[in-house]
There are 2 protein chains.
Amino acid sequence: MAVDAPALSPRPKSLNPKLVPALPSIAAEVSALLDLKAAGRSLRAGQEIVSEGRRCNAVFLLIEGIAIRYRILRDGQRQILNFILPGDFVGVTSCRFDSALYSVKTLTAATIAPIPLSALMALAETNPQTAARLFWSFSSEAAILAEHLIAIGRRPAIERVAHLLLELFSRLQRIGLADERSYRLPLTQELISDALGLSIPYVNRILQQLRHAGLATIKDRQVIIQNIEELAALADFEHTYLRPLSIGELVP
Amino acid sequence: MAVDAPALSPRPKSLNPKLVPALPSIAAEVSALLDLKAAGRSLRAGQEIVSEGRRCNAVFLLIEGIAIRYRILRDGQRQILNFILPGDFVGVTSCRFDSALYSVKTLTAATIAPIPLSALMALAETNPQTAARLFWSFSSEAAILAEHLIAIGRRPAIERVAHLLLELFSRLQRIGLADERSYRLPLTQELISDALGLSIPYVNRILQQLRHAGLATIKDRQVIIQNIEELAALADFEHTYLRPLSIGELVP
DNA sequence: CGTTAATTTGAGACTCATCAAATTTTGTGG
DNA sequence: CCACAAAATTTGATGAGTCTCAAATTAACG
């Protein structure tokens, strides 16, 4: 089921001390079916997977590492749409248009497995049940975007930051990349500000508030959630939106 | 292919003077297959289709009328996530969780056709190709949410408002519900403010700016885009994100 | 171990929110 | 079809939240 970690080339310098995590079941299923393990490509930190304005002829399964999806506006500002974690598919939205609407790039060293659109179409022909499950799973991305929209549209900066830290915590924990109250991630203040529509100096001040309140700290590329309950209360965080039902769980 | 307007009961009191628009092809296909026309239910303005916190056991095809998807926050604020227009599916994200994350309610009189999840599952069994196309089409919603996220996160109020007016214009035009430079829609300032994360008085002032600049006017539930080019330039509006490729157009 | 990247601090300005009230428009029952 | 109640728009004054700019400090990396 899960991708076998030792089968991939070990990467001692990886920022992530953990092994390759378990993939969500549909990702594992597709991975097995299309032999994606063999197709894995290693990327360095900062490499683009998808480039805005360019045709995108594949979707990618992120096997290891962290990436972001973002848009650069005409005035040079950046808006990060979401963080992409192991087990997530990359480029699903981008390949739906004749040129990609967003860019995706790695934040750490990463391993990705491309799935050419032709393979996806073939899958829809030869294995339509799996394809349906896969496509169904794609729509869960909308829930995360919607939650970001709510946070950015209607919540003050401190709640947004708290919410982001908790979302990443919850998602990483789910795939075995976080422990009880912390996770490793090169989450710079610039990334936070671009994800939440804030300025870097203000994010800095917000982080100080969280630190002084004993709620959360970022240090040495490590995010430490010191008081989960209080932070969740502050952020009005409820992790249901990160736990979509698979197609099989819909009708009990 | 398209839904036959006269076949549906005419609704003289409808706020919308136009007839039922052509559905997108996948919607038409599913509609025909499941005989959704016969299943159409009429709703009055302001009725809830999906309620946050409640189990949602169906998706709905909006056949006629306008709806919004939104969340009410703990402090009573509302964030509108998107506007739902004829031909759009409702509740796709909501039914993916054991209780709906958002509410959906009509803004005008409307006609919807429920598709029980069981029917959707059955479709995936009996007609997996169609199901795959349908599920694939669901993921285009993410592009609209992403664009909203960018607007709210990184653009000043006047650009957000301009962007929203143009998005609705473009989407309505596509389904035959807008003419050259205007469309009918009960778009109150409260709706705009809740969609864009602004206050009502400020939206009011922004609309005055747009009006005085000769760019756009809202009057008598009608939105008039007086200068499309200039408004689009102001908003940095590019409608690619509203024109996803169907699954068949992906590999040319 | 230097050089670039990231964080931190301060001062000042500006966008936009809040609150309150007046005005206009819309919907509705008589 | 009018009159009234409710909803929506408009205006003003004030203040909070957040941004910008600039520079200093600290941390990361080859």
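Naming convention: chains lettered A, B, ... in sequence-line order (proteins, then strands); numbering from 1 in each chain. All values reported here derive from a predicted model rather than from experimental measurement. Values below: all heavy atoms of this structure, side chains included; hydrogens, waters and symmetry mates excluded.
For B:R243, the CZ atom is densely surrounded, since the number of other residues' heavy atoms within 6.0 Å is greater than 12.
Among all heavy-atom pairs drawn from A:C56 and A:V50, the shortest one is SG-CG2, 4.1 Å. The shortest heavy-atom contact between A:L62 and A:A110 is CD1-CB, 4.1 Å.
Rounded to whole Å, the distance from CZ on A:R44 to C1' on D:dC29 is 15 Å. With rounding to whole Å, B:Q77 atom CD is found 10 Å from C:dA17 atom C1'. With rounding to whole Å, A:E190 atom CD is found 17 Å from C:dT4 atom P.
Using a 4.5 Å heavy-atom threshold, the side chains of B:L196 and B:V203 count as separate. No side-chain heavy atom of A:R69 sits under 4.5 Å from any side-chain heavy atom of A:I80.
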Check your understanding: For every nucleotide of nucleotides 10-19 of chain D, 5' to 3': is a protein heavy atom under 4.0 Å from its base (B), only from its sugar-phosphate (S), or from neither (-)?
Key -> BBBB---SBS
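Classification of the A:F237-A:H163 ring pair by plane angle, with boundaries at 30° and 60°, yields perpendicular.
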Please enumerate all protein N or O atoms sitting under 3.5 Å from an N or O of nucleotides 24-26 of chain C, with distances to 0.1 Å.
from	atom 1	to	atom 2	distance (Å)
C:dT26	OP1	B:D220	OD1	3.4

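Side-chain atoms of B:T106 and B:Q47 include no donor-acceptor pair closer than 3.5 Å.
Tested against B:F169, the residues B:V223, B:L177, B:I224, B:I225 include a single side chain to side chain contact (heavy atoms under 4.5 Å, CB included) partner, B:I225.
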